[in-house]
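Here the structure is laid out as structure tokens; the discussion comes afterwards.
Numbers restart at 1 for each chain; the letters A, B, ... are given by sequence-line order, proteins then strands.
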Amino acid sequence: MPELPEVETIRRSLVDKVEGRQIHGVEILLPRLIKWPSAHEFQALVTGKTIQQLDRKGKYLILRLEDNMTIVIHLRMTGRLYFVNSGEKPDRFTHIIFDLGTGNKLFYADTRTLGTLYAMPESELWRIAGLASMGPEPLSAEFSPAYFCGLLSARKGRIKALLLNQKLIGGLGNIYVDEALAIAGIDPDRLAYTLNEEETARLYQAVNQVIDEGINHGGTTFRDYRDGTGKSGSHQNYLSVYGRKGQPCKRCGAPIERKEVAGRGTHYCPNCQR
DNA sequence: CCGTCCTCCTGGCCGC
DNA sequence: TGCGGCCAGGAGGACG
């Protein structure tokens, strides 16, 4: 599941390969993945344009083309964007193919087909609500201790739901939320406003730490995730709780448990997280 | 306004 | 060995 560290790793692995390249054509094998405008209009808007910059905001990839055109991609659960050399054949999960010329292509593949793609002028990016209303990202100046503290005191919901809410904090998903709560020693079921000053400071630090480490390890490869060159990440080797149900807590040895919090499968140490 | 639940989608895994 | 059923979860919409 690509979260901020995975999407950032994909961006870094592709930036030198796509910036300055022209989109010679687009093959759309599964039109319903194009959320705006129609698949036909998408092709017309981007064909012939040069990719000037590859950006990321939260879990969104943003390809900035000439003439202020943009392609926005959200990988959701199983989306993959990768660069291929001439001769590489698309498999049955490859749904969109960008032809970059001289045999190079950019494949968008997606087993569960939940990913979304958009093309529009930069001035119309407000149409993508999830992008326009996204909260500040961990590690950014905007994501300050004061901002985080203000979020927690104002909310009645569970801390896990708050951390997953992209309008409040951009880029966290289920894996990094469980990890941050484990590092901070906080039960995911806690109501946000009940965290005291010291717990809030620990959680703030932990959120930034897991995102920083996730990026440094090239993301977490559980099943589908690969970077833009097909390489796996390594952060799965450093996880405290996610996917470790029944295995001993690395801090206290108690078995990691799994429960449902805020409608999500949630991994935690019942001994260390209170 | 806010929080909770449902929906989309398919491969992989579990149990009989 | 085959197959039904359930699970994975990001985000948007319905609903209270």
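- Donor-acceptor pairing under 3.5 Å is recorded for the side chains of A:Asp91 and A:Thr94.
- Between the CG atom of A:Asp224 and the C1' atom of B:dT10 there is a distance of 10 Å, rounded to whole Å.
- Closest-nucleotide positions on DNA chain C for A:Tyr242 and A:Gly130 were compared, and the one nearer the 5' end corresponds to A:Tyr242.
- DNA chain B lies under 4.0 Å from no heavy atom of any residue of residues 179-188 of chain A.
- A:Leu75 comes within 4.0 angstrom of no nucleic acid atom, judged by non-hydrogen atoms across all strands.
- A:Gln166 has its CD atom 9 Å from the P atom of C:dG12, to the nearest Å.
- Spacing between atom CG of A:Leu131 and atom P of C:dA11 amounts to 11 Å, rounded to whole angstrom units.
- No option in A:Thr70, A:Thr50, A:Ile23, A:Leu45 other than A:Ile23 meets the side-chain contact (heavy atoms from CB on, under 4.5 Å) test with A:Leu65.
- In summary, of the residues considered (A:Lys259, A:Arg274, A:Arg264, A:Lys160), a salt bridge (Lys or Arg N to Asp or Glu O under 4.0 Å) with A:Asp189 occurs for A:Lys259 alone.
- When the side-chain nitrogen and oxygen atoms of A:His74 are compared with OP1 and OP2 of C:dG10, none of them lie within a distance under 4.0 Å.
- Rounded to an integer number of Å, the gap from A:Leu114 CG to B:dC6 C1' is 14 Å.
- Heavy atoms of A:Arg92 sit under 4.0 angstrom from primed sugar atoms or phosphate atoms, though from no base atom.
- Across B:dG3, C:dG10, B:dT10, the shortest atom-to-atom separation from the side chain of A:Arg112 is found for B:dT10.
- Atom CG of A:Leu162 and atom P of C:dG10 are 15 Å apart (whole Å).
- We find that CZ of A:Arg32 is positioned 17 Å from P of B:dT7, with the value rounded to whole Å.
- Side-chain N/O atoms of A:Glu3 and A:Tyr225 include no donor and acceptor closer than 3.5 Å.
- Defined by atom type and a distance below 3.5 Å, a donor-acceptor pair is present between the side-chain atoms of A:Arg21 and A:Thr102.
- The CG atom of A:Leu172 sits 14 Å away from the C1' atom of C:dG9 (whole-angstrom rounding).
- When heavy atoms are screened at a 4.0 angstrom cut-off, A:Met77 is found touching base atoms of the nucleic acid.
- As rounded to whole Å, 10 Å separates atom P of C:dA11 from atom OH of A:Tyr118.
- One finds a side-chain N or O of A:Lys59 lying less than 4.0 angstrom from the OP1 or OP2 phosphate oxygen of C:dA11.
- Note on A:Gly263: nothing from the nucleic acid sits closer than 4.0 angstrom, heavy atoms only.
- Counted by atom type alone, A:Glu137 and A:Ser140 present zero donor-acceptor pairs between their side chains at under 3.5 Å.
- The shortest side-chain heavy-atom distance between A:Gln273 and A:Ile186 does not fall under the 4.5 Å cut-off.
- Between A:Arg76 and A:Asn165, the one whose closest nucleotide on DNA chain B sits nearer the 5' end is A:Asn165.
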